Amino acid sequence: MEQISTQRATAGSKQKRTFLEQCTSPKCLLKLFMFAVLLNVVKALSAVALVGLAYQPDYNTCRLIKESLSLPCMEHTITTTDGYILSLKRVGEEFSENPPVLLIHGFMDSSATFAISGRNESLTGLLYDSDFDVWLLDKRGRAPWRHEEFKSQSGHFWDFSLDEIIEEDIPAAVRYIRRLTGKRLASVIGHSQGGAAGLASLSEDEKVAESVKSFVGLASPLDYPMGGSFLKSIMLFSQSLALRLAHPGIISAASRLVMNGLANTFPGIAPAFVCILGCESRHNLDTVPDVFGYYPREDSYKRVQHVMQMERAKLFQKFDHGKVENLKRYGQEEPKAYDFSSIKTPVALFYGKYDVIATIDEKTSIFLKQLPRESLKILNTTLPFGHADFVWGRSAKYHLYPKIVRFIHESSDESE
């Protein structure tokens, strides 16, 4: 028996030696090297993910607001006409008499983005302290994934583009807030794609426009193609590929674990990573290590495709379903472009001079040619911000938020 075991061990050693001896060609050695590198990368990412897991926060925005901002917060649920059950957070007293304001987050983001910076430096905190009734919308696709008919495992649940945000989510939120408070909204404020969607909703839905006294867009891409072409293309392609391969919840959770782990292991990495999208100073983004506990969030493959379509068409347009389906939906073979010429709501747009994603050119902008001149009250393109500074930057409370509050008050006075 002992002899058999010895023979087996000897045979195994010979097989190992034989494999290593045979692996002498450059191709085989390269494969071994790549395998070793991949193994070490997996080990490193696993270690980083474990750190991220240790720092993983609760994704309940109301809990974040109560704990970090020391403000009351209540969650409301609304149902869109196509069956999505969305979450609205109300910051402040449940029976507030203050004028309501709705905040809309951007692409692959969530309502938490407006509260992460804390009571004294977040837009949520400043608006509350300026005597507004603050509401935060989490658009469709954010966990918990709820629909009257479909589960999140169903492809039907994720069958939405930016059009459904514009036509369903934002109107549902505006209707609910107005019905509950009995007041017109003092303002709708949107960051990044949330701002673009909010403004498009005003142009598409007369009832939404009639319910809103003013609109504020922060780093909102209203002209295509957007800036940062090479970086943007890599980001959109990688997001598109990932969302084709796995459930959006898995993709976003894995991304947060890795990024959160890196941010808490090497705090300097997080601001540097965000500054790829442009920033004045990394020090202005020292809240970013906390951000990656909440960002990125879930989104649909179709929504990423919609952005890529607009990039190719160089136009802010509806989703391209193909000629046959376009004829049924739009009455034409090509998707319809969004038209902003009917907007009468006072509009304020703010852009950062360091932002490489969302920019606007006053000479060539198709959007600005459409928007009535009397509606555009503020166009500020010189703020010392990158794309993320509008919601996460420390200096926003000095350079931006007071301007927003003043504009909302002025617009409300004019509409009375």
Side-chain angles (χ1 to χ4, degrees), residues 104 106-109 139-141 158-170 190-205 215 217-244 248 277-278 299-343 347 349 351 355-372 375-376 379 381 387:
I104 307 172
F107 182 57
M108 300 190 89
D109 207 346
K139 296 176 286 188
R140 64 183 61 198
W158 300 99
D159 185 23
F160 63 84
S161 66
L162 185 60
D163 293 338
E164 284 72 28
I165 310 295
I166 293 167
E167 298 165 7
E168 294 283 347
D169 295 9
I170 296 172
H191 174 242
S192 192
Q193 201 177 81
L199 201 51
S201 191
L202 287 178
S203 71
E204 293 282 300
D205 193 317
F215 175 85
L218 309 176
S220 299
L222 295 162
D223 286 304
Y224 288 84
M226 296 182 289
S229 56
F230 178 69
L231 174 65
K232 170 193 60 191
S233 299
I234 292 176
M235 290 173 63
L236 289 174
F237 175 76
S238 61
Q239 289 166 354
S240 176
L241 180 62
L243 290 170
R244 287 287 277 180
L277 302 179
D299 228 314
S300 72
Y301 169 76
K302 189 173 181 179
R303 194 162 166 215
V304 178
Q305 287 297 303
H306 194 177
V307 176
M308 296 173 76
Q309 288 177 3
M310 292 190 287
E311 286 289 304
R312 290 192 294 269
K314 300 180 180 180
L315 193 63
F316 191 174
Q317 64 179 25
K318 295 178 182 286
F319 189 83
D320 188 351
H321 298 272
K323 291 182 179 180
V324 175
E325 187 62 24
N326 286 345
L327 278 170
K328 294 179 184 177
R329 291 172 178 258
Y330 313 130
Q332 59 188 50
E333 292 186 350
E334 299 299 322
K336 280 187 175 181
Y338 281 100
D339 183 4
F340 299 94
S341 60
S342 64
I343 291 180
V347 173
L349 300 175
Y351 293 89
D355 193 341
V356 300
I357 294 293
T359 58
I360 195 163
D361 189 320
E362 296 182 52
K363 295 180 180 179
T364 62
S365 170
I366 295 175
F367 164 76
L368 289 179
K369 290 177 182 177
Q370 292 181 350
L371 186 70
S375 297
L376 184 60
L379 176 60
T381 61
H387 198 67

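Quantities reported herein were computed from a predicted structural model and do not represent experimental measurements.
- Across every non-hydrogen atom of H387 and D355, the tightest pair is ND1-OD2, 2.8 Å.
- In this structure, K139 does not pair ionically with D169, as no charged nitrogen and carboxylate oxygen lie closer than 4.0 Å.
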Report the C-alpha separation of F319 and Q305 in whole Å, then their side-chain angles, then the decisive distance to 0.1 Å, and conclude whether the side chain to side chain contact (heavy atoms under 4.5 Å, CB included) test is met.
-> CA-CA 9 Å; F319 189 83; Q305 287 297 303; 4.2 Å; yes
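- From L162, atom CG reaches atom NZ of K302 across 11.5 Å, with rounding to the nearest 0.5 Å.
- Within a 6.0 Å sphere centred on NZ of K336, other residues, nucleotides and ligands contribute 12 heavy atoms or fewer.
- For the pair K328/H321, no side-chain contact is recorded, criterion being any heavy-atom separation below 4.5 Å from C-beta on.
- Using modelled atom types, one finds a donor on one side chain and an acceptor on the other under 3.5 Å when comparing S161 with E164.
- Considering all non-hydrogen atoms of both residues, Y338 and Q370 come closest at O-OE1, 3.5 Å.
- Taking the side chain as every heavy atom from C-beta outward, T381 and L379 approach each other to under 4.5 Å.
- Taking each heavy atom of P372 and F340 in turn, the nearest pair found is CD-O, 3.6 Å.
- Side-chain contact check for Q193 versus V307: some heavy-atom pair is nearer than 4.5 Å.
- Separating the CD atom in Q309 from the NE2 atom in H306 is a distance of 6.0 Å, to the nearest 0.5 Å.
- Shortest non-hydrogen contact noted between S220 and S192 is OG-O, 3.2 Å.
- Atom CG of L222 and atom CD1 of I360 lie 6.0 Å apart (nearest 0.5 Å).
- Nearest heavy-atom pair, Y224 versus L315, reported as atom, atom and distance to 0.1 Å: CB-N, 3.7 Å.
- With rounding to the nearest 0.5 angstrom, the CZ atom of F367 is 11.0 Å from the CG atom of D339.
- The distance from atom CD1 of I165 to atom CD of E167, rounded to the nearest 0.5 Å, is 10.5 Å.
- The shortest side-chain heavy-atom distance between D223 and D361 does not fall under the 4.5 Å cut-off.
- Side-chain atoms of Y330 and D320 include no donor-acceptor pair closer than 3.5 Å.
- Between E204 and K318 there is a salt bridge, since at least one side-chain N of the basic residue sits less than 4.0 Å from a carboxylate O of the acidic one.
- Between L349 atom CG and S365 atom OG the span is 9.0 Å, to the nearest 0.5 Å.
- Side chain of S201 to backbone of G198: no donor-acceptor contact under 3.5 angstrom is found.
- Side chain of S375 to main chain of I343: a donor-acceptor pair is present (N/O by atom type, distance under 3.5 Å, no hydrogens or angles).
- Here the side chains of D299 and F160 are in contact, with some heavy-atom distance below 4.5 Å.
- Nearest heavy-atom pair across P221 and A358 is N-CB, 4.1 Å.
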